[in-house]
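Below is one structure, written out as structure tokens; the observations come after it.
Every chain is numbered from 1, with letters handed out A, B, ... down the list of sequences.
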Amino acid sequence: MSERFIYFDHAATTPVRPEVLEAMLPYFDKKYGNASSIYSIARESRAAVDEAREMVANAIGAKSDEIYFTSGGTEADNWAIKGIARGSADKGKHIITTSIEHHAVLHTCQYLEKEGFDVTYLPVDEKGLISPAQVEEAIREDTILISVMFANNEIGTIQPIEEIGEIAKRHGIVFHTDAVQAVGNIHIDVKKLGVDLLSMSAHKFYGPKGVGALYIRKGTKLASYIHGGAQERGKRASTENVPGIVGMGRAIEIATQNMDSYNKKLLELREMTIDKVLATIPYTRLNGDRDKRLPGNVNFSFEFIEGESLLLLLDMAGIGASSGSACTSGSLDPSHVLLAIGLPHGIAHGSLRLTFGKDNTREDVEYLLEVLPGIVERLRRMSPLYERVKNREE
Amino acid sequence: MSERFIYFDHAATTPVRPEVLEAMLPYFDKKYGNASSIYSIARESRAAVDEAREMVANAIGAKSDEIYFTSGGTEADNWAIKGIARGSADKGKHIITTSIEHHAVLHTCQYLEKEGFDVTYLPVDEKGLISPAQVEEAIREDTILISVMFANNEIGTIQPIEEIGEIAKRHGIVFHTDAVQAVGNIHIDVKKLGVDLLSMSAHKFYGPKGVGALYIRKGTKLASYIHGGAQERGKRASTENVPGIVGMGRAIEIATQNMDSYNKKLLELREMTIDKVLATIPYTRLNGDRDKRLPGNVNFSFEFIEGESLLLLLDMAGIGASSGSACTSGSLDPSHVLLAIGLPHGIAHGSLRLTFGKDNTREDVEYLLEVLPGIVERLRRMSPLYERVKNREE
Amino acid sequence: MYSEKVMDHFMHPRNVGEIENADGIGEVGNAKCGDIMKVYLTIEDDIIVDVKFKTFGCAAAIATSSMATELVKGKHIDEALTITNKAVAQALDGLPPIKMHCSALAEQAIKAAIEDYLQKSND
Amino acid sequence: MYSEKVMDHFMHPRNVGEIENADGIGEVGNAKCGDIMKVYLTIEDDIIVDVKFKTFGCAAAIATSSMATELVKGKHIDEALTITNKAVAQALDGLPPIKMHCSALAEQAIKAAIEDYLQKSND
Ligand SMILES: Cc1ncc(COP(=O)(O)O)c(C=O)c1O
Ligand SMILES: Cc1ncc(COP(=O)(O)O)c(C=O)c1O
């Protein structure tokens with residue numbers, strides 16, 4: 001086992017920043033009041049929640065009463081999609097989404113299909129992009145919702161959200177975007193985008209796990225999803241997770257301040273990795289669009305080998321990475337995203353996602369570039385698929 | 001404003017214990033791995049989540065694969081009730097609950113009524129108790145769920161859950177109990193109780209806000225509520241809130257260890273408060289059952305005055321308390337629980353809930369007993385209702 | 001939640017009490033809603049020379065009662081009748097939206113007391 | 001997740017490679033499932049005197065390949081045919097439930113290789 005540990009899996013989750021943890025700490029044991037109560041420490045909790053709401057709103061160009069805190073990105077996705085579906089049953093039962101959404105959107109849509117909704121899963125091109133024209137063509141009389149993710153969690157592809165937003169608005173259809181991978185990582189302004197609902201999750205930008213938010217554009221009618229007390233202006237019940245919410249606010253504030261310099265660095269690491277890996281390891285492809293992609297994301301497929309073995313050997317070398325979405329590790333199927341961009345199963349199994357973050361350095365990437373070719377080669381030498389290719393070559 | 005602050009609102013929320021916070025801390029910034037990932041720090045997260053699950057299971061006599069973590073008590077209630085409702089539509093559409101449930105249950109049931117379910121809200125007696133016979137009488141051919149809270153959050157009344165569990169089992173009906181106020185505060189053993197589903201929330205027993213759990217007895221078929229990734233064995237999606245879950249585990253472990261001595265102390269404070277307040281403040285009644293009540297709960301109604309004014313004056317004197325559920329503060333109606341036990345509106349408005357906790361002392365209660373009579377008298381002297389009574393008396 | 005002015009008038013309400021043989025008495029609200037305000041006026045030459053109140057209600061109800069009585073004291077009844085609940089709330093540096101109905105209570109109670117006076121004078 | 005033994009056999013797999021002119025070759029699985037195992041046997045007097053494998057798959061697939069080849073080496077083919085996937089998993093101190101199918105792969109590949117040998121001998 002290696003001495004050092006280099007984390008290249010920031011799309012799965014990020015560590016809480018020291019400044020964020022510091023902001024959260026008083027709300028665990030000192031300012032522990034229930035934000036809905038009336039006495040002094042409770043009013044401090046209320047004020048802290050309001051301030052965090054303001055910070056989240058500012059970061060995406062929203063008003064603070066358009067922000068509703070949730071338990072994470074998944075709940076925000078469930079709420080947005082099921083809330084519109086249940087509230088628009090009289091208008092229609094058709095939903096448009098894509099085949100590369102996160103499971104939080106995909107499984108929610110599949111659940112609604114069982115309830116009698118009709119869902120169009122738009123195919124993507126070989127880079128993982130959908131076109132606004134595709135969306136427009138899919139619109140029907142009874143379409144009630146368009147849900148297209150902002151940036152893909154596996155291959156990092158960034159979709160033309162603004163153009164899709166225009167189409168949605170023109171047709172008067174509610175538009176949701178799962179922006180969990182985008183918020184806190186790239187600039188977002190909901191005023192420009194024309195989205196009505198937007199999901200976010202704090203642990204993707206150095207905030208805590210277990211807290212997220214849904215942006216609900218003023219005027220968008222959305223049924224509640226978690227019923228109970230009057231928290232979040234009656235729209236999302238449960239005692240406010242004050243430390244979590246405070247952490248999300250502080251994290252998004254810092255992320256927004258640092259975004260340009262942060263992304264400059266990530267871009268450098270990304271380009272360096274792509275160039276070197278493609279140059280040194282044969283039978284390798286880059287998945288996703290080369291340019292329309294998150295600054296910190298690279299995703300390769302190494303033919304003839306399987307991802308889990310690759311991850312374990314990288315872990316032994318002190319590198320934490322991912323093969324497809326972390327959430328899918330419970331499954332045996334290769335990533336639905338890689339299949340959707342047209343990869344054959346065998347190649348989809350051999351994918352590696354590296355997602356860079358604030359503490360990664362050029363040295364980290366150099367170390368990766370040092371060990372990765374050997375690890376790939378080692379697994380290939382064990383692989384009967386590689387043997388065939390080699391035999392053919394000879 | 002007073003120098004000291006005495007917290008008498010432990011039913012609303014509790015501070016995180018130092019030992020609990022300490023257990024949580026590494027999982028924010030050091031062991032920050034996504035519990036679903038594969039590399040070393042992620043495996044540590046997974047192990048920590050599994051250990052916490054074991055602790056929660058042990059505390060209530062369950063097996064660890066019967067515990068599913070949620071974002072709090074409200075989500076657990078929503079999940080249990082809607083999950084059974086949606087999954088049993090072919091069997092029937094009748095639900096039995098009580099008129100004094102927390103809003104997390106009540107509003108969920110009201111929501112289901114709009115969807116076509118038929119809900120019986122059992123009335124309670126003047127102490128806030130329901131009888132097993134009432135439950136049995138309410139059962140119909142098409143009853144699919146009985147949901148009765150373990151202990152009431154306002155008046156502290158503890159229901160005959162074991163007896164109701166027997167009836168539910170005899171009739172083959174799924175039985176849910178909202179035990180948010182009970183777990184971590186009084187002994188619970190699901191093996192004895194015959195409940196199929198049980199909701200809990202960590203911040204009610206010195207754990208963090210924003211994390212709870214649902215106990216699902218093995219063999220109980222419950223549809224998922226939050227769809228997405230494969231977390232919680234495919235039943236509850238979203239990146240695990242590792243620090244929160246770790247905190248819940250540690251908090252319930254400590255609560256269970258300390259329960260007997262803790263409750264002995266709370267009982268003393270409770271009895272002392274009840275005796276003295278009833279003896280010194282006229283036109284006062286104790287709400288709820290004198291004996292079948294949570295050790296730390298007292299709830300009074302002071303005639304002729306209104307609760308918010310009372311709370312603000314207590315806050316000025318450095319005492320944090322509540323008037324009905326903290327969650328209802330967004331509403332203008334008096335507590336539905338106090339109305340259900342037969343209080344007229346005017347008197348329900350003038351209620352005071354004091355809920356004691358681990359750091360409260362006899363001195364704290366003595367201070368309360370010193371200031372409370374004066375505050376009540378001050379408000380009464382301003383009240384036109386009191387004037388009438390006084391005039392009648394003269 | 002509340003402005004400093006609201007808290008000041010709640011903690012130190014002006015004009016609390018009753019007036020024996022008041023020229024006008026108004027009572028509005030009911031216990032069901034959780035707010036009752038009773039106003040007593042002493043009126044000389046249609047000028048409100050003294051005013052007292054009793055209120056059952058929340059902090060906002062008590063503070064608006066206190067402020068409203070301050071605003072009408074010394075005023076001609078015609079002028080007093082023009083004082084709106086908005087003016088009362090503004091004089092308190094605002095109220096939380098959910099509490100705005102409390103300021104209506106004060107306006108109504110004063111109107112009721114003046115009407116009571118006018119009716120009595122007509123008798 | 002994995003036992004130490006699994007990790008050991010994954011990190012240091014025994015018997016990796018090919019055998020030129022093997023007496024029996026078996027290949028099972030397919031790339032779609034993410035697991036392929038190919039086994040080469042050298043057999044003398046129905047005794048497996050040498051065995052090599054190549055595997056495309058996860059750590060469990062590699063480790064079970066390694067362990068299964070260890071278990072059959074030196075054994076009579078009749079005995080080798082009785083080795084079950086459970087035995088392979090047990091020899092590795094267990095596998096996560098979701099990975100149990102990988103041990104089936106190893107069992108099947110060895111069976112296929114022995115059958116290949118038997119068929120060739122019959123020719
Ligand atoms: C695109 C996307 N959507 C939704 C989610 C779910 O977020 P969370 O795990 O916070 O519920 C994730 C990450 O897990 C994601 O990457
Ligand atoms: C009886 C009861 N049920 C449910 C809840 C909701 O729990 P949470 O606020 O953690 O969602 C509470 C407390 O708020 C409660 O007291």
Does any backbone or side-chain atom of Leu21(B) lie under 4.5 Å from a heavy atom of chain A? Answer side chain, backbone, both or neither.
side chain
Could you tell me which portion of Arg86(B) (side chain, backbone, both or neither) has an atom closer than 4.5 angstrom to a non-hydrogen atom of chain A?
side chain
Between Ser238(A) and Thr74(B) the two heavy atoms that sit nearest each other are CA-OG1, 3.4 Å
Part of Tyr111(B) within contact of chain A (heavy atom distance under 4.5 Å):
side chain
Go through the atoms of Ala42(B) and report whether side chain, backbone, both or neither lie under 4.5 Å from a heavy atom of chain A.
neither
So which residue, Gly210(B), Gly247(B), Gly72(B), Gly73(B), ends up with the most heavy-atom pairs under 4.5 Å with chain A?
Gly210(B)
How many angstroms lie between atom NE2 of His227(B) and atom CD of Gln110(A), to the nearest 0.5 angstrom?
10.0 Å
Quick one: pull up CG in Leu25(A) and CE in Met24(B) and give me the separation to the nearest 0.5 Å.
9.5 Å
Quick check: closest heavy atoms across Lys209(B) and Gly33(A), and the distance to 0.1 Å?
CE-O, 4.0 Å
Taking the side chain as C-beta and beyond, is there a heavy-atom pair between Ile38(A) and Asp315(B) under 4.5 Å?
no
Using the ring of each side chain (for Trp, its six-membered ring), is Tyr7(A) parallel, tilted or perpendicular to Tyr32(B), with breaks at 30° and 60°?
perpendicular
Can you tell whether the side chains of Asp29(A) and Arg17(B) come within less than 4.0 Å, N to carboxylate O?
no
Atom CG in Leu311(A), atom OG in Ser37(B): separation rounded to 0.5 Å?
9.0 Å
Heavy-atom contact with chain A under 4.5 Å, split by part of Thr14(B):
backbone
A quick test of your reading: do over 12 heavy atoms of other residues, nucleotides or ligands sit less than 6.0 Å from CD of Glu22(A)?
no
Specify the closest pair of heavy atoms between Gly228(B) and His107(A), including all atoms of both residues, with the distance to one decimal.
O-ND1, 2.6 Å
Side chain / backbone / both / neither for Lys31(A) at chain B, heavy atoms under 4.5 Å
neither
Among the options Gly212(B), Pro208(B), Ala321(B), pick out the one with the most heavy-atom pairs lying under 4.5 Å from chain A.
Ala321(B)
Which bit of Tyr225(B) comes within less than 4.5 Å of chain A, counting heavy atoms only: side chain, backbone, both or neither?
both
Test item: Pro15(A) and Phe28(B) side chains (from C-beta on) under 4.5 Å apart, heavy atoms:
no
OG/Ser71(A) to CD1/Ile226(B) distance, rounded to the nearest 0.5 angstrom?
5.0 Å
Interatomic spacing from CG in Asn241(B) to CG in Asn241(A) - rounded to 0.5 Å:
7.0 Å
Which portion of Lys30(B) sits near chain A, non-hydrogen atoms under 4.5 angstrom:
neither
Where Tyr39(B) and Ala12(A) come nearest, the two heavy atoms and their spacing:
OH-CB, 4.4 Å
